[in-house]
Amino acid sequence: MNGARSATAVAHPNIALAKYWGKRAGEGNVPAVPSLSVTLAGMSTTTSVTFDETLVDDELVLGGAMAVGRPKARASELLDRVRAAAGIATRARVVSTNDFPTASGLASSASGFAALALASVRAAGLDWRADEVADLARRSSASAARSVFGGFVELDGGDGATGAARPVAAAHALDMRVLVCVTTEEAKATSSTDGMRATQATSPYWAAWLADAPQSHAAIRAALLAGDFARVGELAERSALAMHACAMAAGIVYFSPATIAALAEVRATRALGLPAYATIDAGPHLKCLVKAGDAAVVRGRLASVPGVLRILEATPGEGARVVTAEAP
Ligand code: DP6
C-alpha cells in the first residue's frame, strides 16, 4: 500500500435548491433528475479512517457509539470500493463526529459520506481527483457527491447522465444565508431512499416531476449565474413543493404542523416585501433562504412560530478537505 494509512477529512452538509428525488434505473445510484445545492459552512462532519492490519472487520464509531447494522454496512460498502481500487484487503476503523445535531434535518448522510469517501481514499493512498471522490460518495448517498465541492454545486441525473457532481459557482456568488428551523429532535420517519422508492413506484405525479425537474434545475442554474437571489429563492421553493407534492401523492408526508406554520410565516414575511423563501427536505424542518442583511429580522419572526424549536444559521461554504494524513 502506498502513502498514508490514516487520514482525517472534514465535510459540510448541503441544501438542495433544485431537489434530487428519485433514482435512474441501473447501477451506481444515479439520480433520475439533475439537482443543484449549496454547501454550508459552520456545520461539519469530521471523519478519520485508519486501515489497520490487526482488524478482522471494519469498525464504525459514530458520535462516540459503535455502529452496527445498516449504518455500518453502508460504510463497509464504500470501504470495499476503495479497497478494490487500491488492491488491498485491510479492514478499517472509522471514527466520525458531527458538530451539529444529526436530527436537525441537515442531511448528515451528505456530509458523512463526503467525509468518509475523501478520508478513505486518502488513507488508502489513492491520488484521486475531487470528481472521482464525488463519484464514490454518490454511490453511498447521492447528495453526498455535492458536499465534496464547495459553494453552489450541481449533480447530473436523468437518462444518459453519469451522476457527475461539479461546482457551478463560488460560495460568494450569491448573497445568501440559510436559516434552518429545527422542528423536532426525532430522526426522520421515512428515509430519503425509501421515500423515493415509494414515490417512483406509486405517485401519479412521478412522470410530471421527471418532466419538470430538469427545466427547474436549468432555470435555477441560470438565476444563480445571473446573481438573482429572488429568482433563485422563488424557484427553489417551487422545486421543494413540487418534490413534496409528488411524494405526498404516494402517501409520503414529511410535513408536520410546524413545517406548515413556518412556511406560512416565510410567505407572510415575503408579503411584507422581505425576500425570504422556503425549502424542505425529507423531514419536517424548514430551511429559509434569505439575504445576509435580512437574516436577523427573518430569524426573529421564524423563532416565534409555534413548533420551531431553534434556528441554526449557515452561510455558503467550502467543500470536503483532508485535514491530516499519516503513514504508519
Ligand atoms: C430531499 O442523498 O439522502 O434531500 O441517494 O438515497 O442516499 P440517497 O438519498 P439522499 O437524498 C436527498 C434528498 C433530498 C433532496 C436533495 O438533497 O437533493
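Whatever order the structure lists them in is the order used to number ligands and atoms, beginning at 1. In what follows, every heavy atom counts, from backbone to side chain, and hydrogens, waters and symmetry copies are set aside.
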*asked:* I'd like to check which ligand 1 atoms, numbered from 1 as shown, lie under 4.0 Å from a non-hydrogen atom of Ser143.
replied: 2 (O), 3 (O), 10 (P), 17 (O)
*Non-neighbouring partners of Arg74 that pass salt bridge (charged side-chain N to carboxylate O under 4.0 Å, His left out), sequence neighbours left out*: none
*With heavy atoms of Arg74 as the reference, note each atom of ligand 1 found under 4.0 Å away.*
7 (O)
_Element-labelled atoms of ligand 1 that are located less than 4.0 Å from some non-hydrogen atom of Lys23_ = 5 (O), 6 (O), 8 (P)
*With heavy atoms only and a cut-off of under 4.0 Å, state how Ala142 meets ligand 1: side chain, backbone, both or neither.*
both
*Enumerate the residue pairs fulfilling side-chain hydrogen bond (donor to acceptor under 3.5 Å, both in side chains) with a member in residues 155-165, sequence neighbours excluded, ordered by first and then second residue.*
Asp156-Arg166
*Is Ala16 touching ligand 1 with its side chain, its backbone, both, or neither, if touching means heavy atoms under 4.0 Å apart?*
side chain
*Say whether, by atom type as modelled, one donor and one acceptor occur between the side chain of Ser203 and the main chain of Cys246 under 3.5 angstrom.*
yes
_Per-atom contacts of ligand 1 with Asn29, taking only distances under 4.0 Å to non-hydrogen atoms_ = 5 (O)
*Ser35 to ligand 1: N or O pair under 3.5 Å?*
no
*asked:* Is it true that Asn29 and Arg138 share a donor-acceptor pair across their side chains at a distance under 3.5 Å?
replied: no
*Would you mind running through ligand 1 and noting each atom that sits below 4.0 Å from a heavy atom of Met196?*
9 (O), 11 (O), 13 (C)
*For ligand 1, which atoms have a heavy atom of Trp21 less than 4.0 angstrom away?*
1 (C)
*Proximity flag Arg139 to ligand 1, non-hydrogen atoms under 4.0 Å*: no
*Can a salt bridge be assigned to the pair Glu237 and Arg267 using a cut-off of 4.0 Å between side-chain N and carboxylate O?*
yes
_N or O contact, Asn14 vs ligand 1, cut-off under 3.5 Å_ = no
*Which of the ligand 1 atoms, numbered from 1, are nearer than 4.0 Å to a heavy atom of Met243*: 1 (C)
*Under-4.0 Å salt bridge between Glu326 and Arg5*: no
*Beyond-backbone contact of Leu274 with Val297, side-chain heavy atoms, under 4.5 angstrom*: yes
*asked:* Within the 4.5 Å heavy-atom criterion, are Thr279 and Lys19 side-chain neighbours or not?
replied: yes
*Between the candidates Tyr254, Tyr20, Phe113, which shows the shortest non-hydrogen contact distance to atom 18 (O) of ligand 1?*
Tyr20
*Can we say Asp58 and Arg93 salt-bridge, meaning some charged N sits less than 4.0 Å from an Asp/Glu carboxylate O?*
no
*On the 0 to 90° scale, with breaks at 30° and 60°, tag the Tyr254-Trp21 ring pair as parallel, tilted or perpendicular.*
perpendicular
*Going by the order shown, which atoms of ligand 1 are within less than 4.0 Å of some heavy atom of Arg146?*
16 (C), 17 (O), 18 (O)
*Of all the heavy atoms in Arg138, does at least one lie under 4.0 Å from an atom in ligand 1?*
no
